[in-house]
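Beneath this line is the structure, given in structure tokens, with notes to follow.
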Amino acid sequence: MTSPQENTLASPVGTTLDRYIMRKQAEFPFATGELSQLLRDMALAAKIVNREINRAGLMDITGNYGAQNVQGEQQQKLDVVANIRFIRALKNGGEACAILSEEDDEIIHTGNDQGRYVVAMDPLDGSSNIDVNVSIGTIFSIYRRVSPIGTKATKEDFLQGGRKQVGAGYILYGSSTMLVYSTGHGVACFTYEHSLGEFFLSHDGVKIPEQGTTFSCNEGNWYDYPEWVRSYLTQCKERRYSGRYIGSLVADYHRNLFKGGIYLYPPTAKNTNGKLRLLYEGYPLAFLIEQAGGKALAGTEAVLDIAPVDYHQRAPLFIGSSDMVDDLVACMVAEAVPAAGVGQAG
């Protein structure tokens, strides 16, 4: 018989991502192993990017890269590094036939025309914050292709709509590195254990609290927000809610997912249809939040119900605890606001 001390010292480490995926494979649509492998490929790239981020200050890969991406945004060196790492992992994995990245104008064909899936991703969201050691992340969305197997992927493979996602998730690079994903059967969270080089299950069946006391938005845009957004934020302050805004979408979203809250990126005078990208920011995060029991809207319309028309389409985003999103809608209705526009491309 082992002593209590021996039991403590030899306690199980936990369930690895690979083992969890194997156990859950029966829940995957068309389960034949390809989607399982694709998730492993994403996890492998996340480990490599995590390493690059942790040593960025020593490797001279912080700061601007000196070019702009398709969004017209200044690329950071780590944007380029992460983009390369994820594309390479998905190409080598063989399951993704094409990739859509925030950093590239057109879809990227992997050469794996037999692959059954396509991936849309923001390889490194919030990368400008790396210079000041603030949490950043990767966001991804997975679709089963609709074009014939053995041919080149097409635009239609990516413009199926948010309800057609078969998987979505994000990786948070912070005080710990976490991978959060769903394949439509709840939300699971894995924490990276550096010494073992493995992601271990840390939270299963994640549910966002129905009511939170945190609102997250850039209040520097206050005078550019619609009146109904300002009315809602005033209501939050009157209720003594806490304003928490990191400026990294994944980090703000992750906090609210676990503690309850709402994230707002409203339309503004400059960006009348919002600024966040629908396919690889709005859709995947909305997919996850609905699986966790929350809500995601763009105006009065559910984000997942928006019809996509372009790879880099933008949309407003109001996402988080269901009761808080409902309160926001009430402010919108009180102002008799029509559904916000969500069809802007580019």
Side-chain angles (χ1 to χ4, degrees), residues 28-29 35 38-39 41-43 45-46 49 71 82-83 86-87 89-90 96 98-104 107 117-127 135-145 157-173 178-190 206 208 248-258 263 265 274-298 301-308 310-320 325 342:
F28 296 165
L35 183 55
L38 194 153
L39 288 168
D41 295 336
M42 295 296 295
V49 171
Q71 318 295 333
N83 198 41
F86 276 97
I87 290 172
L90 291 169
I99 304 163
L100 174 66
S101 170
E102 181 191 26
E103 303 302 324
D104 295 280
I107 61 176
Y117 296 94
V118 298
V119 176
M121 66 175 183
D122 182 349
L124 205 59
D125 178 79
S127 56
S135 298
I136 53 181
T138 297
I139 310 172
F140 64 91
S141 177
I142 304 170
Y143 295 87
R144 187 173 173 87
R145 68 185 298 180
D157 291 316
F158 289 95
L159 301 184
Q160 299 182 49
R163 299 288 178 192
K164 293 293 185 178
Q165 293 174 101
V166 297
Y170 63 87
I171 301 107
L172 175 67
Y173 311 99
M178 307 183 83
L179 186 156
V180 182
Y181 85 91
S182 175
T183 56
H185 298 274
V187 178
C189 178
F190 298 80
V206 177
I208 185 171
S248 291
L249 172 58
V250 170
D252 283 309
Y253 177 94
H254 185 80
R255 180 198 54 246
N256 292 346
L257 175 63
F258 280 86
Y263 177 92
Y265 209 115
K275 188 177 180 182
L276 298 179
R277 268 65 61 159
L278 181 63
L279 267 68
Y280 39 81
E281 291 176 323
Y283 278 164
L285 296 182
F287 183 86
L288 285 171
I289 209 73
E290 287 198 4
Q291 285 294 313
K295 291 183 178 180
L297 300 181
E301 185 176 16
V303 171
L304 294 181
D305 291 332
I306 300 171
D310 183 81
Y311 292 148
H312 303 290
Q313 181 174 341
R314 299 174 188 267
L317 182 63
F318 307 102
I319 189 167
V325 175
V342 293

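This is a predicted model, so every value here is computed, not measured.
For the pair Tyr170 and Leu288, the tightest heavy-atom approach, listed with the atom from each and the gap, is CD2-CD1, 3.5 Å. Closest heavy-atom contact between Pro308 and Tyr283: CD-OH, 3.3 Å. Closest approach of Ala96 and Val119 over heavy atoms only: CB-CG2, 4.3 Å. Nearest heavy atom pair, residue Gly126 against residue Ile136, reads O-CG2, 2.8 Å. Here the closest non-hydrogen pair linking Val187 and Gln291 is CG2-CB, 3.7 Å. Residues Phe287 and Ser182 approach most closely at CE2-O, 3.6 Å, considering heavy atoms.
Looking at heavy atoms from C-beta onward, Leu257 lies in side-chain contact with Val206 at the 4.5 angstrom threshold. You'll find the side chain of Ile306 reaches within 4.5 Å of the side chain of Gln313, heavy atoms only. Counting heavy atoms from C-beta on, the side chains of Thr138 and Val250 never come closer than 4.5 Å. Leu279 places none of its side-chain heavy atoms less than 4.5 Å from the side chain of Ser141. Put simply, the side chain of Leu124 does not reach to within 4.5 Å of the side chain of Asn83, judged on heavy atoms. Side chains of Ile142 and Thr183 form no contact here, defined as non-hydrogen atoms less than 4.5 Å apart. Looking at heavy atoms from C-beta onward, Leu285 lies in side-chain contact with Leu249 at the 4.5 angstrom threshold.
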Exercise for review: Step by step, work out the side-chain contact (heavy atoms from CB on, under 4.5 Å) result for Arg277 and Arg314.
Suggested key: CA-CA 4 Å; Arg277 268 65 61 159; Arg314 299 174 188 267; 2.8 Å; yes
Point to revise | Steps toward side-chain contact (heavy atoms from CB on, under 4.5 Å) verdict (Ile289, Ile208) | key: CA-CA 8 Å; Ile289 209 73; Ile208 185 171; 3.8 Å; yes
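A donor-acceptor pair under 3.5 Å links the side-chain atoms of His312 to the main chain of Asp104, judged by distance alone. Remark: the backbone N or O of Arg144 is paired with a side-chain donor or acceptor of Gln160 at under 3.5 angstrom.
The distance from atom CD of Glu281 to atom CG of Leu276, rounded to the nearest 0.5 Å, is 5.0 Å. Here the CZ atom belonging to Arg255 is positioned 10.0 Å from the OH atom belonging to Tyr263, to the nearest 0.5 angstrom. Between Tyr143 atom OH and Leu100 atom CG the span is 9.5 Å, to the nearest 0.5 Å. Expressed to the nearest 0.5 Å, how far OH of Tyr253 lies from CD1 of Ile139 amounts to 9.5 Å. The distance from atom CG of Leu304 to atom CD of Gln165, rounded to the nearest 0.5 Å, is 6.5 Å. Here CG of Leu317 is found 14.0 Å from NZ of Lys275. Values are rounded to the nearest 0.5 Å.
Using a 3.5 Å distance cut-off with no hydrogens or angles, the side chains of Tyr280 and Ser101 do not pair a donor with an acceptor.
Centroid-to-centroid, the aromatic rings of Phe140 and Phe86 stay 6.0 Å apart or farther.
Between Tyr181 and Phe190, the ring-plane angle classifies as parallel under the 30° and 60° cut-offs.
For Glu290 and Arg163, the salt-bridge test passes: some basic side-chain N is under 4.0 Å from an acidic carboxylate O.
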